[in-house]
Amino acid sequence: EAGVVQSPRYKIIEKKQPVAFWCNPISGHNTLYWYRQNLGQGPELLIRYENEEAVDDSQLPKDRFSAERLKGVDSTLKIQPAELGDSAVYLCASSLVGAVTGELFFGEGSRLTVL
Amino acid sequence: DAKTTQPTSMDCAEGRAANLPCNHSTISGNEYVYWYRQIHSQGPQYIIHGLKNNETNEMASLIITEDRKSSTLILPHATLRDTAVYYCIVRVATSAGNMLTFGGGTRLMVKP
């Protein structure tokens, strides 16, 4: 079974440029998460989707960040315009509500460097 | 969700048991203890979880104290590939999703 797939793995852009990250969750997983991980720190939740509805986006900087999950499957996280402080790894995870373990499955992440 | 306290870093000799402690003194009765690890340049990976009984799987054992205020993750025979950051997380399993709140974790270095 394929895991959570993210792209691109690496992205280098100049500040003020836009960037987008794509996530394909595990088939059948109705919950999708975007986390941001700064160097040397644990991941921090940006947004959580239940199917296509964003149920927790309180930590998403809405002035420059946006996310969507069309049809309740794939998701895109966008930053426009990017700032130097946005350099981080952006992790996508998915889970199945009601699963016994409550396990989250993470992708390998997209590493963003803003110059 | 309850806050956890973990040592910043630990070393372990290859082949020996690695015992990673976690304090969660404010844990509630319906909160589970989860452990994840993150190997360099990868996403976090689930290891094990428990409520109040000790648990064991193919990766590790989880020992939870009787008062549930602390727990220990045990890797019985650590290998070099177990070098990673280990996160202890306590949370309620809700019907609305299984959100995890990560702290800083423990950086485990397994040495030859």
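Small disclaimer: the values here were computed from a predicted structure and weren't measured. Proteins come first, then strands; the chains are lettered A, B, ... in the order of their sequence lines, and each starts at number 1.
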What residues, two or more places apart in sequence or in another chain, satisfy ring pair (Phe, Tyr, Trp, His ring centres under 6.0 Å) together with A:Phe21?
A:Tyr90

Is chain B contacted by the side chain of A:Asn30, its backbone, both, or neither, given a heavy-atom distance below 4.5 Å?
neither

Strictly less than 4.5 Å between heavy atoms, which residues of residues 52-61 of chain B line up against chain A? Please order them by number.
none

Do any side-chain atoms of residues 80-89 of chain B form donor-acceptor pairs under 3.5 angstrom with protein atoms, and if so which ones, sequence neighbours left out?
unit_1  : atom_1 : unit_2   : atom_2 : d
B:Asp82 : OD1    : B:Arg37  : NH1    : 2.8
B:Asp82 : OD2    : B:Thr79  : N      : 2.9
B:Asp82 : OD2    : B:Thr79  : OG1    : 3.4
B:Thr83 : OG1    : B:Leu80  : O      : 3.1
B:Thr83 : OG1    : B:Val110 : N      : 3.0
B:Tyr86 : OH     : B:Arg37  : NH1    : 3.1
B:Tyr86 : OH     : B:Asp82  : O      : 2.6
B:Tyr87 : OH     : A:Gln37  : NE2    : 3.3
B:Tyr87 : OH     : B:Gln38  : OE1    : 3.3

May I ask you to decide if B:Arg68's main-chain N or O and B:His24's side chain share a donor-acceptor pair within less than 3.5 Å?
yes

Find out whether B:Lys111 and B:Glu14 are in side-chain contact, i.e. whether some heavy atom of one side chain is under 4.5 Å from a heavy atom of the other.
no

May I have the step-by-step check of ring pair (Phe, Tyr, Trp, His ring centres under 6.0 Å) for A:Tyr35 and A:Phe106, ending in yes or no?
CA-CA 10 Å; A:Tyr35 281 82; A:Phe106 284 83; 5.6 Å; yes

Parallel, tilted or perpendicular: which one describes the rings of B:Tyr34 and B:Tyr36, with boundaries at 30° and 60°?
parallel

Spatial distance of atom CD (B:Gln42) from atom CD (A:Glu108) [nearest 0.5 Å]:
6.0 Å

I'd like to check A:Pro25 versus A:Asp74 (side-chain heavy atoms, cut-off strictly below 4.5 Å). Are they in contact?
yes

Treating Ile, Leu, Val, Met, Phe, Trp and Tyr as nodes and any side-chain heavy-atom pair under 4.5 angstrom as an edge, say whether A:Tyr49 and A:Leu70 lie in one connected cluster.
no

Check for me, please, whether B:Ile47 and B:Ile64 land in the same ILVMFWY cluster - side-chain distances under 4.5 Å, paths through other members count.
yes

Select all residues of residues 10-19 of chain A having any heavy atom within less than 4.5 Å of some heavy atom of chain B, and report them by number, or 'none'.
none

